[in-house]
Structure formats: structure tokens, C-alpha cells
Number of protein chains: 2
Amino acid sequence: MSDTARRKSPTRIQREKREAILEAALDVFSTHGFRGATLDLIADAAGLSKPNLLYYFPSKEEIHRTLIGQLMEIWLAPLRKIDPGGDPVSEICAYVERKLEISRDLPRESRLFANEVLRGAPHVGDMLQGGLKALVDEKAAVIRAWSEAGHLAPVDPHHLIFSIWAATQHYADFDTQVAMVLGPRDATRYEDARAFLLGLYARGLRPLPAR
Amino acid sequence: MSDTARRKSPTRIQREKREAILEAALDVFSTHGFRGATLDLIADAAGLSKPNLLYYFPSKEEIHRTLIGQLMEIWLAPLRKIDPGGDPVSEICAYVERKLEISRDLPRESRLFANEVLRGAPHVGDMLQGGLKALVDEKAAVIRAWSEAGHLAPVDPHHLIFSIWAATQHYADFDTQVAMVLGPRDATRYEDARAFLLGLYARGLRPLPAR
DNA sequence: GTCAATTTTGACCATTTGGTCATAAATAGC
DNA sequence: GCTATTTATGACCAAATGGTCAAAATTGAC
């Protein structure tokens, strides 16, 4: 009755084709959104016929759900790594760097996620709801403790986290706009962004001198 | 031959219905995206039949284009207001406040815009391209001058602007996610965001003491 | 090679959707 | 009220789209 019990161990072809489909779907969903993505587009990109694609996944929505599921871990991992025992400002700055790296290295994932949240997360619902709030609250408590101990400027931890999410993901999600302003993507873009953001947060979070 | 010449002055009904359609379309486009929005949905929301809707606008794309056009001015206005003669840190902070107010008061407009940029701005192209880069470069030069004169911490002006866009729009565009973490929207949300962001930028941009 | 299981495909279907059109209803000028 | 113009609608259309199905091709175990 359970999924894993019913599904005998997948064949080599199943593993390869499902992987190819998810890769193609990530491309298509992230550039066209859920509604704009068509099964034909995904099938073409994966080098399969549409019925063949539907042999591996029961529906368009299921492909999408699978992708979002894989995404969540990538998305939350950097936050999870914040170490309550580390140096506060360094920990936050390292978090900024990790998020920025994801924005640079996995822009499709970032855009897929943005697409979903923008529309009110209609296809993920609880999948997002689940771990997100708990993890954020946990790390927010760590940050609050740092502030109260005087090791970090007194800031609202939730809004600090939001600002980091926003500032880093911006480079993936709004790449078009960034490119319109800065010109075509070049090697220094992420280096400049990194330098700016680390500077901003380092100065903005440094504990205030006693007064 | 020109549009304004051909179109005799619009009647009262024309003005009212076009307005109602744009209002309805803003709702529908901002929550479903361009592809997800249907003419039936827009027509229903505007209280019109579909053919009647198409009597006022020639196509779905034209409705969308009109909305984006109206949007651009709203979107750019806060940046335009930055005064080269004002106090640098105050000017930037006031800019943050203006952007945050737009995020709070016009979230549909913000999401419509985000939807468009996320997909590579396929429907706006030059409309965005036009004034954006010129205005941003102009204000970036002002900020750079402030930094060089020692009235502002030395920061990359373009990335500073990006971070402000990102952090403020986040509350409109990713409202779903914010609500998942903070719980249902309440009166203090924007007040807390404002306090955090003004603090961050005030501390982060304050000119460094001579060393 | 044989045979069963897996994989692939062309043909097909129902629904949705952007858009048209002829005609009917409403409105405005007189 | 009469007439010309504007506004509204039901019926309809072609294309796109998610998905099905029976049959064919391929693969793997022996």
C-alpha cells in the first residue's frame, strides 16, 4: 500500500529518465512559471514524447511538486548552518554569503521558488509551511539572544532574516532587471554584491559601543 | 493617423469601463500572472461579458501593457525624489521609507511588476529598459559622490539600490512567506520592518570616522 | 532465442482559452 | 419620438493543452 512498497526498485532507465525530466522541468518551470510551462515544452527539453513523459510522472503537477520538494532542503540548509556558538556578526555574514552563492549557482531553483511564493504557494501549501516557521523561529531566537547579550546590534531577528533572503535572492529572481542596469552579467557582479552586502551587514550589525 | 487623433474624446462610459477593467485586471494579473490570468476571470471581476471586455481593449496583452505602463511611474517616482542636496543618510532612509510604503499600499502593483521581471520582462521590453537605467545611473552617481565626499560610507551605489528594492518589495511580493513566518498580517508588521530597515541602513551607511 | 515486463509512440479526446461576429439593446442628439 | 451611434451579448471558432489508450518496440532474465 505504501509508495515505497508498491514501487519495486526503479530500473536504470527509470532513474535516468526521471532525472532528465526533472532537469528539463526545472528549466521550463523556472522560466515560464507553472501555468506557462507546458508538457510539450518539458517533454521536448527532456528529449521525450509527451505520452512517454507521462509514463514517468502521472501529471504536470506531480513533476512540479517533486521539484519543490527537492528545493526546500537546498533553500533551508544555509539557515540551518547558523551556529549559535559562533561569533554573531561572522555567523550572519557567512549566512549572507551562503545565500548569495545559492543565488549565483542555482538561479533556476531560486526562480522556481519565487514563482511559487509570489502566487501564494498554491502548489506547496504545507510542504513549505512545515519546517519553515519552526526553523526560522529557532534561528530568530538565537539572533535575539545575541542582541540581548550585546554581541549584536539590537535588531528584529525576523526582519533581519527577511532582508537577507530578499537581498540575496534578488540577483537570481530579478536578474533581468539587474542586467538592464548593470549591463550583461560579468564576473565581478557577484563579487561586488558580496562585498556590498557583507559591508552593509557587518557595519549594520556590529554591536553598539556601550553608552 | 495618430492614436489620439483617431480616438475621439472618450465617453463617460468608456472612461468608467476602462477604469473598471484595469482595476479588475490588476487583481487578476497580480495573483495569477499573465498566463494564469484569463479573459473570463478579468471580465467577471469587472462585471462585464468577455466580448464586451474586448470591446474596450483589443487584447489581453494590451490590458497588461497598459497596466505595466501606469506602473512604471509609480515604481520609479521614489527614486527620482532623492535629492542630491539633502543629507545623504537621511535621503537614503527616506527612499527606503517611500519604497516600503509602496510595498504596503500597492502590493498588487508590486507583484504584477515582480511577475513580469521574474519571467524576463517579455511583455515590457523597452518600456522598462527606457528610463530605468538612465535614472538609476544618475542617482548612483549622486550616491557615489556622497561616498567620495565622506558623507556616506563607501558603498557600491548600484548594489545599495538593489538591496533597497529587494528588501522593501519583499513584503509585497513574498507576502505569503512572510505570513507563514510571522502569522497573519497585523498592524505592527510594516512598523517593525520600517524600524529594522531604517536602523540597518542608518548604521550601515553612516560615514566612517576618520582613521 | 524466447517470453514477459518495461518502455515508447501515434492517434485521439475533452476542456480551456483568446478572440470574432452578427445582431440586439441602450443611449444620445435632435 | 426618431435616428444614428455606442455598447452589450450569445453563438461560435481555431489553437493550445493536459491527459488517455491501445498497440508497437525495446529490454532483460533465462
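Labels below follow one simple rule: chain letters A, B, ... track the order of the sequence lines, proteins then strands, and each chain is numbered from 1.
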Do A:Asp186 side-chain atoms and A:Arg189 backbone N/O form a donor-acceptor pair below 3.5 Å?
yes
Heavy atoms under 4.0 Å, any strand shown: does A:Ala37 hit a base, just sugar-phosphate, or nothing?
sugar-phosphate
Please give, in whole Å, the distance from D:dT20 P to A:Lys60 NZ?
14 Å
A:Asp44 CG to D:dA16 P: how many Å, rounded?
14 Å
B:Tyr56 side chain N/O closer than 4.0 Å to the phosphate oxygens (OP1, OP2) of D:dA8?
yes
Please state how far atom CZ in A:Arg15 lies from atom C1' in C:dT7, giving the value in whole angstrom units.
16 Å
Nearest whole Å is fine: how far is D:dT7 P from B:Leu53 CG?
14 Å
Options D:dT20, C:dT7, C:dG19, nucleotide nearest the side-chain atoms of A:Gln14
C:dT7
Determine: side-chain N/O of A:Ser49 to OP1/OP2 of C:dT9, distance under 4.0 Å, yes or no.
yes
Do B:Lys81 and B:Tyr95 form a cation-pi contact, if we require the NZ or CZ to be under 6.0 Å from the six-membered ring centre and within 45 degrees of the ring's axis?
no
Closest of D:dC21, C:dG18, D:dA8 to the A:Pro51 side chain is D:dC21
N/O (side chain, A:Tyr55) to phosphate O (OP1/OP2, C:dT7) under 4.0 Å:
yes
In whole Å, I'd like the distance from the NE2 atom of A:His64 to the P atom of D:dT17.
17 Å
Atom CD1 of A:Ile63 to atom P of D:dG18: distance rounded to whole Å?
10 Å
Going by modelled atom types, is there a donor-acceptor pair between the base of D:dG18 and the side chain of A:Lys50 at under 3.5 Å?
yes
If you compare every side-chain N and O of B:Arg35 against the phosphate oxygens of D:dA16 (OP1, OP2), does one of them come in below 4.0 Å?
no
Can you check the B:Ile42 CD1 to C:dG19 P distance for me, whole Å?
10 Å
Taking the minimum atom-to-atom distance to the side chain of B:Leu54, which one of D:dG19, C:dT20, C:dG18 wins?
C:dT20
State plainly whether the residues A:Asp173 and A:Arg111 are in salt-bridge range, i.e. N to O under 4.0 Å.
no
Is it the case that the ring center of B:His159 lies less than 6.0 angstrom away from the ring center of A:Tyr171?
yes
Separation of atom CG in B:Leu48 from atom P in D:dG10, rounded to whole Å:
12 Å
Short side-chain N/O contact from A:Asn52 to OP1 or OP2 of C:dT9, under 4.0 Å:
yes
Does B:Arg18 make a cation-pi contact with B:Phe57, if we ask for NZ or CZ under 6.0 Å from the ring centre and within 45° of the axis?
yes
Proximity to the side chain of B:Ser59 - top-ranked nucleotide from C:dG19, D:dT20, D:dA8:
C:dG19
